[in-house]
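All remarks here apply to the structure that follows.
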Amino acid sequence: MKPSVILYKALPDDLTQRLETYFNLVQVKDLSPQTVSQNADAFAHAEGMLGSSQTVNRELLEKMPALRAASTVSVGYNNYDVPALTERGIVLMHTPTVLTETVADTLMTLVLTTARRAVDVAQRVKRGEWRSGITPDWFGVDVHHKTMGIVGMGRIGMALAQRANLGFGMPILYHARSRHQEAEARFNARHCSLDTLLAESDFVCLVLPLTDETHHLISAPQLAKMKASAILINGGRGPVVDEKALIAALQAGQIHGAGLDVFEQEPLPVDSPLLEMSNVVALPHIGSATFETRYNMAACAVDNLIAALTGKVEQNCVNPQVLKS
Ligand SMILES: NC(=O)C1=CN([C@@H]2O[C@H](COP(=O)(O)OP(=O)(O)OC[C@H]3O[C@@H](n4cnc5c(N)ncnc54)[C@H](OP(=O)(O)O)[C@@H]3O)[C@@H](O)[C@H]2O)C=CC1
Ligand SMILES: O=CC(=O)O
């Protein structure tokens, strides 16, 4: 008998068919308590699960006693209770690498659109306000040769450093828990404390996972350390920034602007003051959202689940200690 798998994300047909050759699939729309109770038997017998953007906690795991592997269509896994999975011996798989370049493109898009005010001035053109030569109220600030500070020099941080340094001639400062020799050798990146990075960078780019340590890493005291001319970019996870403090800093003119792909609450509430600010570019968490990359992520997640449930995991495992036990 094929193992049962809960699929809680729509996949391209060819990938669904690939899963079906290995597993009995039960497709559900989400992992809400209502969906779980409506499909109690399927959840009770599922040995695998695949999807994204849903909370997987102890309460859910209690309803899934047969679960052996979870596969997320994302690199970030902050919505999974990893200790609970590990205690139960459940393998968690994710999709690093396949999305790295696309997310770095999104971060560079945020840098450029925020600095050059591309969204704001394009809206003015559409409103018919471009009636004569432009005046300084249409101007932006330079990106090239400005200092970029990258907080989190992992896979995506490296790809961002490559674009900024080799493409735009930007000196790179970085802050991470460890030194990254490759970033230092290839991009002349300088490792520094968070305080130094905040004080010296023209663009402060956050590319961090959400953990207990990174939650509200950027709050009022950190924003106060940034240059008044600096721009904050967040492409990691929303709660890394204390959004109330960011709104206050922007309202007070303490920093020049912000480019944000992620928010404390997603979707961003329509009454968020951020949406009223012409110096803020707000994207709907589209870091990896291209047709090519989303397909590759889904294919990676499918391969990951097959590997996990057939005992052939070689990469992409969040809690490899489970494999040794
Ligand atoms: N906006 C979007 O759509 C997307 C967002 N993301 C987010 O980006 C994150 C990063 O992805 P990726 O680059 O692949 O991940 P990596 O694991 O390769 O890199 C993470 C980096 O963050 C650093 N870091 C972690 N904790 C701390 C800390 N407490 N203080 C300082 N630095 C820290 C790590 O430091 P060290 O190197 O020292 O370990 C590492 O350099 C994901 O976890 C996800 O949350 C990812 C994809 C798309
Ligand atoms: O936010 C997206 C991810 O892959 O993580």
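Ligands are counted one by one from 1 in listed order, and the atoms in each one are counted from 1 as well. Residues: numbered from 1 along the sequence shown.
- At under 3.5 Å, not a single nitrogen or oxygen of S288, backbone or side chain, sits near a nitrogen or oxygen of ligand 2.
- Listed by number with element, the atoms of ligand 2 under 4.0 Å from a non-hydrogen atom of R237 are 1 (O), 2 (C), 3 (C), 5 (O).
- Nearest protein heavy-atom contact of atom 44 (C) of ligand 1 is R237 NH1, 3.6 Å.
- In terms of protein heavy-atom proximity, atom 47 (C) of ligand 1 is nearest to V75 CG1, 3.5 Å.
- The contact set between ligand 1 and S178, taken as ligand atoms under 4.0 Å from a residue heavy atom, comprises 36 (P), 37 (O), 38 (O).
- By the neighbour-count criterion of 12 heavy atoms within 6.0 Å, atom CD of Q251 is densely surrounded, having more than that number from other residues, nucleotides or ligands.
- For a threshold of 3.5 Å applied to N or O pairs, the pair formed by L99 and ligand 1 contains no separation below that value.
- Checked by distance only, ligand 1 and I156 come closer than 3.5 Å through their nitrogen or oxygen atoms.
- Listed by atom number, the atoms of ligand 1 under 4.0 Å from V103 heavy atoms are 47 (C), 48 (C).
- Interface of H180 with ligand 1, defined as ligand atoms under 4.0 Å from a residue heavy atom, comprises 36 (P), 37 (O), 38 (O), 41 (O).
- The distance from ligand 1 to the heavy atoms of M153 drops below 4.0 Å at these ligand atoms: 41 (O).
- For atom 19 (O) of ligand 1, the nearest non-hydrogen atom of the protein is G154 CA, 3.2 Å.
- Ligand 2 places these atoms under 4.0 Å from at least one heavy atom of L99: 4 (O).
- Checking T97 against T100 by side-chain atom types alone, no donor-acceptor pair falls below 3.5 Å.
- The single protein non-hydrogen atom nearest to atom 20 (C) of ligand 1 is P209 CD, 3.9 Å, given as residue, atom name and distance.
- Annotation for ligand 1: atoms under 4.0 Å from non-hydrogen atoms of T214 are 26 (N), 27 (C), 28 (C), 29 (N).
- More than 12 heavy atoms of other residues, nucleotides or ligands lie within 6.0 Å of NZ in K2, so this atom counts as buried by the packing criterion.
- Grouping Ile, Leu, Val, Met, Phe, Trp and Tyr residues whose side-chain heavy atoms lie under 4.5 Å apart, directly or via other members, places F43 in a hydrophobic cluster with I6, Y8, V26, V28, L31, V36, M49, V56, L60, L61, M64, L67, Y77, Y80, V82, L85, I90, L92, V318.
- Checking only distances, R177 does come within under 3.5 Å of ligand 1, N or O to N or O.
- Contacts with ligand 1 closer than 4.0 Å are made by side-chain heavy atoms of D261 only, the backbone lying farther away.
- Close contacts between ligand 1 and H285 involve ligand atoms 1 (N), 2 (C), 3 (O) [criterion: under 4.0 Å to a heavy atom].
- Note on ligand 2: H94 sits outside its first shell, no heavy atom being nearer than 4.0 Å.
- Given atom 7 (C) of ligand 1, the protein heavy atom at minimum distance is G236 O, 3.5 Å.
- Residue-to-ligand polar distances keep V73 apart from ligand 2: every N/O pair is separated by 3.5 Å or more.
- A donor and an acceptor atom, one from each side chain of R294 and S288, are located under 3.5 Å apart.
- A distance-only check finds a donor-acceptor pair linking the side chain of R131 to the backbone of G128 [under 3.5 Å].
- N24 and S4 are not linked by any side-chain donor-acceptor pair at a separation below 3.5 angstrom, with hydrogens and angles left out of the test.
- Ligand 1 has at least one atom lying under 4.0 Å from a heavy atom of G235.
- Of the N or O atoms in R155, one or more lie within a sub-3.5 Å distance of an N or O in ligand 1.
- Residue H285 has at least one heavy-atom neighbour below 4.0 Å for each of these atoms of ligand 2: 1 (O), 2 (C).
- Annotation: side chain of L198 is in contact with side chain of I218 (closest heavy-atom distance under 4.5 Å).
- The shortest distance between side-chain heavy atoms of V141 and S229 does not fall below 4.5 Å.
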**Request:** Evaluate the criterion side-chain hydrogen bond (donor to acceptor under 3.5 Å, both in side chains) for residue pair D81 and N57; output intermediate values, then yes/no.
**Result:** CA-CA 5 Å; D81 185 334; N57 55 20; over 6 Å; no
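- The parts of L208 lying near ligand 1 are both backbone and side chain, judged by heavy-atom distances below 4.0 Å.
- Using a distance-only test at 3.5 Å, with no hydrogens or angles considered, a donor-acceptor pair links the side chain of D242 to the main chain of A245.
- Taking a 6.0 Å sphere around CZ of F291, one finds it holds 12 or fewer heavy atoms contributed by other residues, nucleotides or ligands.
- At the shortest separation from atom 4 (O) of ligand 2 among protein heavy atoms lies V75 N, 2.9 Å.
- Under a 4.0 Å criterion applied to the non-hydrogen atoms of V207, ligand 1 contributes the atoms 10 (C).
- In this structure, D105 pairs ionically with R163, as a charged nitrogen and a carboxylate oxygen lie closer than 4.0 Å.
- Salt bridge status for D261 with R237: absent, with no side-chain N to carboxylate O gap under 4.0 Å.
- A donor-acceptor contact under 3.5 angstrom links the side chains of T35 and S32, judged on distance only.
- Any N or O atom pair closer than 3.5 Å counts here, and E213 shares no such pair with ligand 1.
- Any N or O atom pair closer than 3.5 Å counts here, and T211 shares no such pair with ligand 1.
- Side chain to side chain, E264 and H216 meet the donor-acceptor criterion of an N or O pair below 3.5 Å.
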